Amino acid sequence: MLHDTPLITTVIVGLGLAFVLGTLAHRFRIPPLVGYLLAGVAVGPFTPGFVADQALATQLAELGIILLMFGVGLHFSLQDLLAVRTIAVPGAVAQIVVATCMGLGLALLMGWTVAAGLVFGLALAVASTVVLLRAIQEWHLMETERGRIAVGWLIVEDLAMVLVLVLFPAVASLQAGGADKPAFEPLAAQAGLGLAGIVVLTIIKIALFIGLMLIVGRRVIPWVLHYIAHTGSRELFRLAVLSTALCIAFGSTKLFDVSLALGAFFAGMMLRESPLSQRAAQESLPLRDAFAVLFFVSVGMMFDPVSAIREPWPLIATLSIILIGKSLAAFLIVILFRRSVATALTIAASLSQIGEFSFILAELGVASRILPEEGRHLILAGAILSIMLNPLVFAAVGWLAPHLEPRQESSSTTAAAYNPIPVAKLTGHTIVIGYGRVGAIVGDTLRQQKLPFLVVEVSENALAKVKASGIEAIVGNAAHPDVLNATNPAQARHLVVAIPEAFEAGQIVQQARSANSNIRIIARAHSDAEVDHLTRLGADIVIMGEREIARGMIEELKRRCPDVAERDAERAAGCPKVRANYADRSSV
Ligand code: AMP
């Protein structure tokens, strides 16, 4: 009875429990992701108590992957992708081959067929998009070369998997000898094309898809969003962003057989060309985060803790392939391409897990009776454990990289990127939180006056502006204690909290105040309640945006209109000068 729990229960219980366990994990300094996975295990069918709908959770997770890849596309340009192709393409292909062979070897040792071994090996070869991107974002690597290589590598793996998934039914039907045809069959196979024909057709489809996106998508998507932005409706704009990402992802799956994630990635990349992209990215953030959490919950639901303990050796071997074998292969390949040890370690750590593609392959393998049931269990357990261990792997890499790096070149920069947030050396400085419309103006003035200051920014687009101006900047959410500590608040003179969100601003104010009782805190607010909130938490001065705008308007009216009216009847009629003046400012 409990198995047919509806959508709403699954979403509410999944998100609710993920929230509780994620917070608990955070409390114990474990990544919240582990809490989400455990939430999944708790509502899964293998543990007693409430059982959420697994099929629904998986579909919701798919939405998370689409939105996540859409977000990555928004930060990724075609140039970025092409810049890393020399290493990402051969690297990913070689690593897939090596990992597949290892999986095949283990499968043969367990007495499975070669076909089962190939499916098993391929499932162990591909990393999870969600896990990789989370890690890259968490460690502030998105902007670094190694971050780009990791994402490029991921895209190549994604493309390879598209090919595998398309070819799978055809190969499976050959395996089954035609008598026992699987339920699904690609059109090409039905049309009697051979294996080579299917490969060619798939490549043509992918090329067509990419071509269409580059030619049509690049023009049409920004045009639609510009049009919607001009309606002035935020609701419509959000809807436009969301439906663009989803429709392109869905359309590309239906028309070109590429994966949903890949379709969404290209949709995001097309949007990047438009100046509205930053807004678009922000509009999709909350939804993306919610659905990414559901992804981890749905993974956790598939985990059967008892079966993992029952037969430990095959699981240990599987896990070793994922954690050690695959990473070692990636590490060596990157080193072979003469990249630094730090880059090689990052790529290795990024790939030391498996996820969504592996589940799909395992499902297909079992459905077509190629892969034994045990194979699916091993893949699932390997995925869960490797996802749980991934944050630890990254932490270990962070600790190792600076030690392994040769002393001469850039060892300090690698250490900095790994110890992602070193504490600023400035003293008596001003900390500016947020470099948007408000923070940028404050920053410009500080720079002109040659006062020491640094900026904390969470958005990569805004950060690019900061860096272009040569200003010292820290990437990350300033409400995070590590990020704020890195600004050296204890020895700062002023803190300017120029972000619009009062809850986060409150967190920042409170932490800065407890780090330094003398720091002068100036914060931004948009309502009386926010002014109270921020003052209570320790801000010295809270500037309420709307009140300042009104004040400025009154000043202008008092100052200009009477004079203008006396001297120039025509201009006085509508105070055009005043209007022009404000039009200028509002566009700042
Ligand atoms: P605006 O409202 O145009 O002044 O933009 C605010 C800026 O603050 C944006 O660039 C945001 O990315 C940035 N921002 C918002 N919240 C935070 C935060 N918690 N930490 C750092 N930067 C932030």
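Only a predicted model underlies this, so the values are computations on that prediction, with no experimental measurement involved.
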Can you find a pair of side-chain heavy atoms, one from [X] and one from [Y], that are under 4.5 Å apart?
X	Y	answer
Val151	Leu133	yes
Leu60	Ser298	no
Leu239	Glu235	no
Ser350	Trp153	no
Val43	Leu17	yes
Ile508	Ile499	yes
Leu260	Glu62	yes
Val293	Phe19	no

For the atom pair [atom1] ([X]) and [atom2] ([Y]), what is the distance rounded to the nearest 0.5 Å?
X	Y	atom1	atom2	answer
Leu7	Gln59	CG	CD	9.0 Å
Phe503	Leu534	CZ	CG	10.5 Å
Thr10	Asp53	OG1	CG	5.0 Å

Have a look at Tyr435 and tell me which of Val455, Leu463, Val458 forms a side-chain contact (heavy atoms from CB on, under 4.5 Å) with it.
Val455
Mind running side-chain contact (heavy atoms from CB on, under 4.5 Å) on Thr9 and Phe50 for me, showing each step along the way?
CA-CA 10 Å; Thr9 328; Phe50 172 80; 3.8 Å; yes
Apply salt bridge (Lys or Arg N to Asp or Glu O under 4.0 Å) to Asp528 and list each qualifying residue two or more places apart in sequence or on a separate chain.
Arg547
Glu546: what forms a salt bridge (Lys or Arg N to Asp or Glu O under 4.0 Å) with it, not counting sequence neighbours?
none
CA sep, side-chain torsions, deciding dist, call: Gln353, Leu132, side-chain contact (heavy atoms from CB on, under 4.5 Å):
CA-CA 8 Å; Gln353 38 83 10; Leu132 191 146; 3.9 Å; yes
According to the salt bridge (Lys or Arg N to Asp or Glu O under 4.0 Å) rule, which pairs have a member within residues 444-456, sequence neighbours left out?
Asp444-Arg447
Salt bridge (Lys or Arg N to Asp or Glu O under 4.0 Å): which pairs involve residues 236-249, sequence neighbours left out?
Arg238-Glu283
Partners passing ring pair (Phe, Tyr, Trp, His ring centres under 6.0 Å) against Phe296 (at least two apart in sequence or in another chain):
none
Name all pairs fulfilling the side-chain hydrogen bond (donor to acceptor under 3.5 Å, both in side chains) condition that reach into [range], sequence neighbours left out, sorted by first residue then second.
range	result
residues 495-509	Asn477-Glu504, Gln507-Gln511
residues 41-51	none
residues 514-525	Arg524-His526

Leu21 vs Leu24, side-chain contact (heavy atoms from CB on, under 4.5 Å): CA-CA, chis, key distance, verdict
CA-CA 5 Å; Leu21 295 184; Leu24 259 178; 4.1 Å; yes
Could you work out, with side-chain hydrogen bond (donor to acceptor under 3.5 Å, both in side chains) as the rule, every residue matching Gln510, not counting sequence neighbours?
none
Hits for side-chain hydrogen bond (donor to acceptor under 3.5 Å, both in side chains) against Thr244, two or more places apart or cross-chain, chain-then-number order -> none
Donor-acceptor pairs under 3.5 Å, side chain of residues 488-498 to any protein atom, not counting sequence neighbours: which ones?
residue : atom : partner : partner atom : Å
Asn488  : ND2  : Leu426  : O            : 3.0
Asn488  : ND2  : Gln491  : OE1          : 3.0

Could you pull out the closest heavy-atom pair between [X] and [Y], with the gap in Å?
X	Y	answer
Ile521	Gly538	CD1-O, 3.8 Å
Phe359	Met302	CD1-CE, 3.7 Å
Gly22	Tyr36	CA-CE2, 4.0 Å

Determine all donor-acceptor pairs shorter than 3.5 Å in which one atom belongs to a side chain in residues 383-393; sequence neighbours excluded.
residue : atom : partner : partner atom : Å
Ser386  : OG   : Ile354  : N            : 3.4
Ser386  : OG   : Gly382  : O            : 2.8
Ser386  : OG   : Ala383  : O            : 3.0
Asn390  : ND2  : Ala349  : O            : 3.1
Asn390  : ND2  : Ser352  : OG           : 3.3

Run the numbers on Ile519 and Asp540 for side-chain contact (heavy atoms from CB on, under 4.5 Å), then give the verdict.
CA-CA 9 Å; Ile519 193 170; Asp540 296 296; 6.0 Å; no
For Val466, does its backbone N or O pair with a side-chain atom of Glu457 as donor and acceptor, under 3.5 Å?
no
Hey, is the main chain of Tyr227 close enough, under 3.5 Å, to the side chain of Thr231 for a donor-acceptor pair?
no
